Amino acid sequence: MTTNAERRAQHQRERAAALTERIDALLQLRGDERALDVGAGAGAFAFAIAPRVREVVAVELDEALAERARADAPPNVEVLVGNGEKLPFEFASFDLAGTLLTLHHTPRPELVIAELARVTRPGGTILVVDQLAPADPLAARELTRFEHVRDPSTTRVLADADLRGLFDVNSLSLVRQRIESEPRDLDEYLDLAGCEGHDRERARTLVPSGYEGVVGWYVLAR
């Protein structure tokens with residue numbers, strides 16, 4: 001049976017070129033940055049920016065995913081097992097910090113944003129990318145319920161206004177934003193999470209009408 005780490009790594013390889021293109025369009029890098037990837041998963045963001053910066057530290061809570069990332073990592077990427085809500089780094093340790101599709105999997109997203117702000121130097125850049133919930137609270141609750149059945153690690157999908165509130169609280173200035181809709185094949189999306197059996201059937205009954213993935217990309221100045 002294919003493991004979660006193997007599924008994530010394969011999905012990452014299939015989308016690597018598209019991710020690199022987005023990052024190049026959003027970030028202006030000098031090449032000498034020390035960068036941080038929080039909630040790194042199998043290393044998608046870390047690997048995409050590695051050729052464009054001096055070094056990358058990738059932090060992932062799941063040991064199997066961290067091991068997969070470590071096996072595939074280029075020489076200038078260090079992979080650590082750690083919690084994005086309590087990072088083991090000093091104040092202003094990084095020029096660039098990012099978290100991609102992680103916040104809706106963490107119990108305390110406000111702590112992750114606060115930690116990103118703490119460890120990024122003044123004048124540095126933070127990239128936050130995450131799935132977005134609708135502004136309507138009932139629709140947002142329905143989306144989170146579906147996503148949690150599909151993948152039990154989902155905690156809560158935040159709306160754009162929720163994320164902007166977290167940025168404001170941490171004195172982060174929005175430099176650039178992109179919101180993209182991603183049509184998703186339901187079976188492929190369930191397969192990616194390893195959603196099978198009763199949970200798969202339940203997810204099918206809970207999928208919101210007209211479902212598509214909406215993802216927000218936020219470039220922030222520290």
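The structure presented is a predicted model; accordingly, all values stated were derived computationally and were not measured. Numbering of residues begins at 1 and proceeds along the displayed sequence. The figures that follow rest on heavy atoms only: side chains count, while hydrogens, waters and symmetry mates do not.
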Could you pull out all residues at least two apart from [X] that satisfy side-chain contact (heavy atoms from CB on, under 4.5 Å)?
X	answer
E21	none
L29	L27, E33, R52, V53, L96
D32	R30
A66	E60, R70, V79, V81

For residues 191-198, which side-chain N or O atoms pair as donor and acceptor with protein atoms under 3.5 Å away, sequence neighbours left out?
| residue | atom | partner | partner atom | Å |
| --- | --- | --- | --- | --- |
| D191 | OD1 | R200 | NH1 | 3.0 |
| D191 | OD1 | R200 | NH2 | 3.1 |

Please, which pairs that meet side chain to side chain donor-acceptor pair (under 3.5 Å) have at least one residue in residues 133-144, sequence neighbours excluded?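 For residues 133-144: none.
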
So, for I49 and A35, which heavy atoms are closest and what is the spacing to 0.1 Å?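 Taking I49 first and A35 second, the nearest heavy atoms are CD1-CB, 3.6 Å.
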
If every non-hydrogen atom of V56 is compared with every non-hydrogen atom of A50, which pair is closest and at what distance?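 In terms of heavy atoms, the two residues are closest at CG2-CA, 4.0 Å.
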
For residues 75-98, pull every pair meeting salt bridge (Lys or Arg N to Asp or Glu O under 4.0 Å), keeping only residues two or more places apart or in separate chains.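 The answer is D95-R121.
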
Going by the side-chain contact (heavy atoms from CB on, under 4.5 Å) test, name the single residue among V128, D37, I126 that passes it with T99.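 Looking at V128, D37, I126, the match for T99 under the side-chain contact (heavy atoms from CB on, under 4.5 Å) is V128.
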
Side chain to side chain donor-acceptor pair (under 3.5 Å) partners for R108, two or more places apart: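 Once residues adjacent in sequence are excluded, the partners of R108 under the side chain to side chain donor-acceptor pair (under 3.5 Å) criterion are E110.
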
Not counting sequence neighbours, which residues clear side chain to side chain donor-acceptor pair (under 3.5 Å) with D199? List them please.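 Per chain and number, D199 pairs via side chain to side chain donor-acceptor pair (under 3.5 Å) with no residue.
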
Above 12 or not: heavy atoms from other molecules or residues under 6.0 Å from CZ of R202?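 Check fails, neighbour count at 12 or below.
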
Could you check whether atom CD of E182 has more than 12 heavy atoms from other residues, nucleotides or ligands sitting under 6.0 Å from it?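 Yes, because the 6.0 Å sphere around CD of E182 holds more than 12 heavy atoms from other groups.
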
About how many Å separate [atom2] of [Y] and [atom1] of [X], when rounded to the nearest 0.5 Å?
X	Y	atom1	atom2	result
L61	L80	CG	CG	12.5 Å
R156	H104	CZ	NE2	13.0 Å
L166	L116	CG	CG	11.0 Å
T154	Q131	OG1	CD	7.5 Å
E180	R178	CD	CZ	5.0 Å
F45	L19	CZ	CG	8.0 Å

Is there a side chain to side chain contact (heavy atoms under 4.5 Å, CB included) between H105 and D151? Walk through the geometry before answering. CA-CA 9 Å; H105 292 290; D151 181 351; 3.4 Å; yes

Test item: T106 side-chain N/O and L103 main-chain N/O as donor-acceptor pair under 3.5 Å: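 Checking the backbone N and O of L103 against the side chain of T106, no donor-acceptor pair under 3.5 Å is found.
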
Got a sec, which hydrophobics cluster with L190, joining ILVMFWY side chains under 4.5 Å apart, including via others?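 Members besides L190, by chain and number: L143, F146, V149, V157, L186, Y189, L206, V207, Y211.
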
Quick one: side chains of residues 214-222, donor-acceptor pairs under 3.5 Å with protein atoms, not counting sequence neighbours, listed by atom name and distance.
| residue | atom | partner | partner atom | Å |
| --- | --- | --- | --- | --- |
| Y218 | OH | D160 | OD1 | 2.6 |
| R222 | NE | A117 | O | 2.5 |
| R222 | NE | T120 | O | 3.3 |

Mind checking salt bridge (Lys or Arg N to Asp or Glu O under 4.0 Å) for E55 and listing every partner two or more places apart, or none if nothing turns up?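 Result, salt bridge (Lys or Arg N to Asp or Glu O under 4.0 Å) vs E55: R34.
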
